[in-house]
Amino acid sequence: MEKWEQSLKDCVTSPEELAGLFRVDTGDCATVSRRYPMRITRYYLGLVQKPGDAIWRQCVPQTEELADFSQSPDPLDEERLSPVPGLIHRYPDRVVWIASASCPVYCRFCMRKRGVGCAAMAPAAPEAALAYIEAHPEIRDVILSGGDPLMLHDDQLDALLSSIRQIPHVEIVRIGTRVPVTFPERVTARLARMLKKHHPLFINTHFNHPDEITPQSAKACATLSDAGIPLGNQCVLLKGVNDDPQVMRRLMLKLLSIRVRPYYIHQMDLVKGTAHFRTPVTSGIRILNALRGHCSGLAQPHYVIDLPGGKGKVEIPSGKVRRDGATLYLTNYLGEEIAYEDLG
Ligand code: SF4
């Protein structure tokens, strides 16, 4: 058994233990965790500076999760868009493959909290998923997601990637993972050597707060980058975690310092059990405006809403544009409106 597998057995899963460690009343944590499971790695829990802070809010069950009846467990209609269980085909040229149903930390804001960590969600059966992709030559991009695909053992993941790579029309493979953030010790040299065989391979990480960037998570990202894997980051705008322009600015700049390119800021999906994390769209626009011009273009993510009903992502623009005949009036990062002569 590898060291990371041993550490995984030592995660905090008991609300009583959590209460004892922080000497706090964790309220309805036990009731909530019976519906939406709790698991927190010792590493990630070690990032909590005090109960209620940004790290705590992301991983400790909260009463509000059970009080949210207004929203759908699956607002993006992923189950309807699954031609075979565990394979989501929403856009013509790409599919999402649920490679694992478990994660080192069960994030309280998860868009798949309807099933992640529960019997309700199962990984895609490889034979059926591969047969579907083989039968659809328009699929050129396979995104391994979950749960967390890096919860698979190296050999399992190697076998899965090898089978996908045997399909000639699949051009790229992407992996979405929060492992570098919540469980960086899982990113071993052995894992990186194996992944390197399957290029072109891209990894999207999921850092939400600058305090998640530590020497350990930086080392995990460096191990992946050194294997030639381009790293991007998708974060979610979360009330009480990162809905603050200064926090987001620090996050974006720190990501660049560990060779991770900011890619998306997601508006929270309308997922049942997560309403307490939602922010108005104006918050996201305010954050984008605070980033524009104040930090390099490399640090500018796209701010997107994933439309309900599986209708796809739409980018929310931040800059103001007004037209008068052939003249465009564009507002810059200082709030000045500047005229630009367009082609008539
Ligand atoms: S790691 Fe990703 S899939 Fe797993 S609980 Fe967190 S957000 Fe959900």
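Values below: every heavy atom of this structure, side chains too, minus hydrogens, waters and symmetry copies. Read the numbers this way: they start at 1 and go in the same order the structure lists the ligands and their atoms.
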*Does the ring of Y91 carry R94 above it, NZ/CZ under 6.0 angstrom from centre and within 45° of its axis?*
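Cation-pi check for R94 and Y91: passes.
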*asked:* Applying side chain to side chain contact (heavy atoms under 4.5 Å, CB included) to E65 and R35, what does each step give before you reach the verdict?
replied: CA-CA 9 Å; E65 294 175 44; R35 169 60 192 91; over 6 Å; no
*Can you list, by chain and residue number, the protein N, O or S atoms under 2.8 Å from atom 6 (Fe) of ligand 1?*
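Atoms qualifying: C107 SG.
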_Step-by-step salt bridge (Lys or Arg N to Asp or Glu O under 4.0 Å) determination, E2 to R190_ = CA-CA 11 Å; E2 286 195 68; R190 184 175 190 267; 3.7 Å; yes
*Counting only non-hydrogen atoms of the protein, does one fall under 4.0 Å from atom 2 (Fe) of ligand 1?*
no
*List the steps and the verdict of side chain to side chain donor-acceptor pair (under 3.5 Å) for T177 and D148.*
CA-CA 6 Å; T177 175; D148 203 306; 2.8 Å; yes
_Side-chain cluster (under 4.5 Å, hydrophobic types only) that L253 belongs to, other residues_ = none
_Before you tell me yes or no, could you show the steps for S217 and V181 under side chain to side chain contact (heavy atoms under 4.5 Å, CB included), namely the whole-Å CA-CA distance, both residues' side-chain angles and the distance that decides it to 0.1 Å?_
CA-CA 6 Å; S217 59; V181 185; 5.9 Å; no
